[in-house]
Chemist: 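Starting off with a structure, shown below.
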Protein chains: 2
Amino acid sequence: MTGPAIQEPSLDEQIAAYQREYGDLDPQVEKVVSALGRLNRRMNVGYGRQLATLGITNAEWEVLKTLVLAGAPYRMGPGELAKRLGLTPAAMTHRIDRMAGEGLVTRDRDESNRVRVIVELTDEGRTKWLEAMRMASDFEGDLLQDLSADERGVLGELLIRVLRRVEDAQPDAGGRLSDLD
Amino acid sequence: MTGPAIQEPSLDEQIAAYQREYGDLDPQVEKVVSALGRLNRRMNVGYGRQLATLGITNAEWEVLKTLVLAGAPYRMGPGELAKRLGLTPAAMTHRIDRMAGEGLVTRDRDESNRVRVIVELTDEGRTKWLEAMRMASDFEGDLLQDLSADERGVLGELLIRVLRRVEDAQPDAGGRLSDLD
DNA sequence: CCTCAAGACTTCAACAGTAAAGTTCGAGGC
DNA sequence: GCCTCGAACTTTACTGTTGAAGTCTTGAGG
């Protein structure tokens with residue numbers, strides 16, 4: 001699970017190199033974009049490590065989160081889950097297989113409409129979610145430790161403004177997670 | 001390449017749902033973290049779409065960028081490339097196979113030390129990189145359109161401060177990209 | 001009823017990635 | 001000068017995902 005170290009130049013070196021190779025670059029924009037990318041990567045590494053101590057993967061956590069967000073009784077069809085996570089239904093089938101095998105969810109046909117399937121969080125799944133949530137909160141709080149409350153607020157607002165712009169341009173967010181690496 | 005639409009609740013709805021299910025949540029922290037995650041996802045979707053018009057994938061673009069950043073004559077061994085991209089050498093072998101087949105890079109044994117392999121950007125590869133770079137710059141500039149120069153600066157600085165904190169905690173960034181979805 | 005189109009998964013084949021074993025070459029001991 | 005060790009890939013087996021084809025159920029017409 002844990003892998004080889006990633007070695008990359010410092011952010012400043014990287015931006016300097018881009019300017020050397022591509023004169024038109026706006027360093028201010030590049031700074032924001034590169035920092036965003038790296039930060040996200042590091043965060044995901046952090047989540048992955050913590051989740052591993054609970055014996056679950058990032059992928060499984062995504063499913064747990066989605067089911068919990070739906071609210072009690074924490075049920076959803078595979079198709080709906082796939083849409084929210086940006087996966088194909090085929091991938092969802094396999095992921096649910098695994099998670100059902102691990103006891104995190106159950107998978108049953110809907111008796112009132114036997115075409116549908118209902119995935120439901122088990123107590124164990126909910127417990128895992130809660131443990132993961134606590135870890136994630138601690139990690140996230142720690143992440144923003146160096147920022148004052150005001151700065152956190154500003155950061156959040158700026159990010160949301162940028163986010164709104166992309167979401168308007170990409171109303172559907174077509175494409176899957178795998179396009180994202 | 002383009003896939004199913006991703007459907008997720010609005011950020012505010014999502015945060016409200018988390019607070020309902022997990023009382024201890026700090027909404028300010030969650031706002032920053034969720035916005036970061038979503039923004040990164042949307043950006044990668046955006047890159048993926050633009051790159052697709054050039055006939056290259058996000059994965060291939062990463063390799064092109066890394067070779068260009070190395071500077072002329074744009075050469076690097078597969079092992080070094082793997083380290084910078086956070087992939088296993090095995091994955092790099094395969095990726096280079098494809099890219100060599102498409103004419104984006106060449107792969108040759110180093111005649112002075114025949115254990116080593118040299119991957120070198122072709123002219124076509126460099127051209128693709130340049131085209132991709134132009135598209136990326138446009139996209140990134142557009143992304144930050146709604147922010148003033150001052151705001152962009154603030155955003156960059158705040159992100160870098162957070163990034164520094166994670167990088168100190170994770171000096172090596174152990175783990176690979178695939179932990180990241 | 002009967003059929004049959006549409007919807008909701010599931011199955012299948014191919015592909016990209018990881019981990020671990022295998023290969024090849026270069027450098028030191030003896 | 002051989003032998004072994006280590007470094008740098010490559011190969012192999014397996015996992016997870018995609019896209020396309022297949023299965024099963026429901027519901028609307030005839």
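Keep in mind that the numbers below use all heavy atoms, side chains included, and drop hydrogens, waters and symmetry copies. In the text below, chain A, chain B and the rest are named by the order of the sequence lines, each starting its count at 1.
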Chemist: Please report the distance, rounded to the nearest Å, between CZ in B/Arg114 and P in C/dA27.
Modeler: 14 Å
Chemist: Given C/dA20, C/dG26, D/dT26, which nucleotide is nearest the side-chain atoms of B/Val115?
Modeler: C/dG26
Chemist: With side chains defined as the heavy atoms from C-beta onward, is the minimum distance between A/Glu21 and B/Trp129 less than 4.5 Å?
Modeler: yes
Chemist: If you only use heavy atoms from C-beta on, which nucleotide in D/dT26, D/dG19, C/dT18 is closest to the side chain of A/Thr88?
Modeler: D/dG19
Chemist: Calculate the interatomic distance between A/Glu62 atom CD and D/dG16 atom P; express it in whole Å.
Modeler: 16 Å
Chemist: With a 4.5 Å cut-off on side-chain heavy atoms, are B/Leu67 and B/Arg75 touching?
Modeler: no
Chemist: Do B/Thr122 and B/Thr127 come within less than 4.5 Å of each other through their side chains, counting heavy atoms only?
Modeler: no
Chemist: For A/Arg152, give me all partners under salt bridge (Lys or Arg N to Asp or Glu O under 4.0 Å), at least two apart in sequence or on another chain.
Modeler: none
Chemist: Taking only heavy atoms on the protein side, list every residue of residues 100-113 of chain B lying under 4.0 Å from any atom of DNA chain C, sorted numerically.
Modeler: B/Asn113
Chemist: Using only side-chain N and O atoms of B/Arg98, determine if any of them is under 4.0 Å from OP1 or OP2 of C/dA16.
Modeler: yes
Chemist: Go through the structure and list residues passing side chain to side chain contact (heavy atoms under 4.5 Å, CB included) with A/Ala16, not counting sequence neighbours.
Modeler: none
Chemist: Which whole-number value in Å describes the distance from A/Glu60 CD to D/dG16 P?
Modeler: 9 Å
Chemist: Partners of B/Glu151 by salt bridge (Lys or Arg N to Asp or Glu O under 4.0 Å), sequence neighbours excluded?
Modeler: A/Arg161
Chemist: Tell me which nucleotide among C/dG26, D/dT17, D/dT25 gets nearest to the side chain of A/Ala91.
Modeler: D/dT17
Chemist: I'd like to check A/Arg95 versus A/Pro78 (side-chain heavy atoms, cut-off strictly below 4.5 Å). Are they in contact?
Modeler: no
Chemist: B/Asn58 CG to C/dA16 P: how many Å, rounded?
Modeler: 14 Å
Chemist: Give the residues of residues 63-72 of chain B touching DNA chain C, defined as any heavy atom closer than 4.0 Å, sorted by residue number.
Modeler: none
Chemist: Let's see if you can work this out: which of C/dC12, D/dC9, C/dT18 has an atom nearest to the side-chain heavy atoms of B/Thr93?
Modeler: D/dC9
Chemist: Using whole Å, what does the distance between atom C1' of nucleotide D/dT25 and atom CD1 of A/Ile118 come to?
Modeler: 15 Å
Chemist: Checking contacts here: which listed nucleotide (C/dG17, D/dT17, C/dA8) is nearest the side-chain heavy atoms of A/Arg116?
Modeler: C/dA8
Chemist: Taking the basic N atoms (NZ, or NE/NH1/NH2) and the acidic carboxylate oxygens, is any pair closer than 4.0 Å for B/Glu102 and B/Lys128?
Modeler: no
Chemist: Reckon B/His94 has a side-chain N or O less than 4.0 Å from the OP1 or OP2 of C/dA16?
Modeler: yes
Chemist: Could you tell me how far apart A/Leu87 (CG) and C/dT10 (P) are, to the nearest whole angstrom?
Modeler: 14 Å
Chemist: Please determine whether a side-chain nitrogen or oxygen atom of B/Arg95 lies at a distance below 4.0 Å from atom OP1 or OP2 of C/dG17.
Modeler: yes
Chemist: Once you round it to whole Å, what is the distance between C1' of C/dT10 and CG of A/Leu81?
Modeler: 16 Å
Chemist: Expressed as a whole number of angstroms, how long is the span from B/Glu80:CD to D/dA7:P?
Modeler: 16 Å
Chemist: So which of B/Met76, B/Glu62, B/Lys65, B/Met92 actually passes side chain to side chain contact (heavy atoms under 4.5 Å, CB included) with B/Arg84?
Modeler: B/Met76
Chemist: Applying side chain to side chain contact (heavy atoms under 4.5 Å, CB included), name anything that partners A/Ala100, two or more places apart in sequence or on another chain.
Modeler: A/Val105
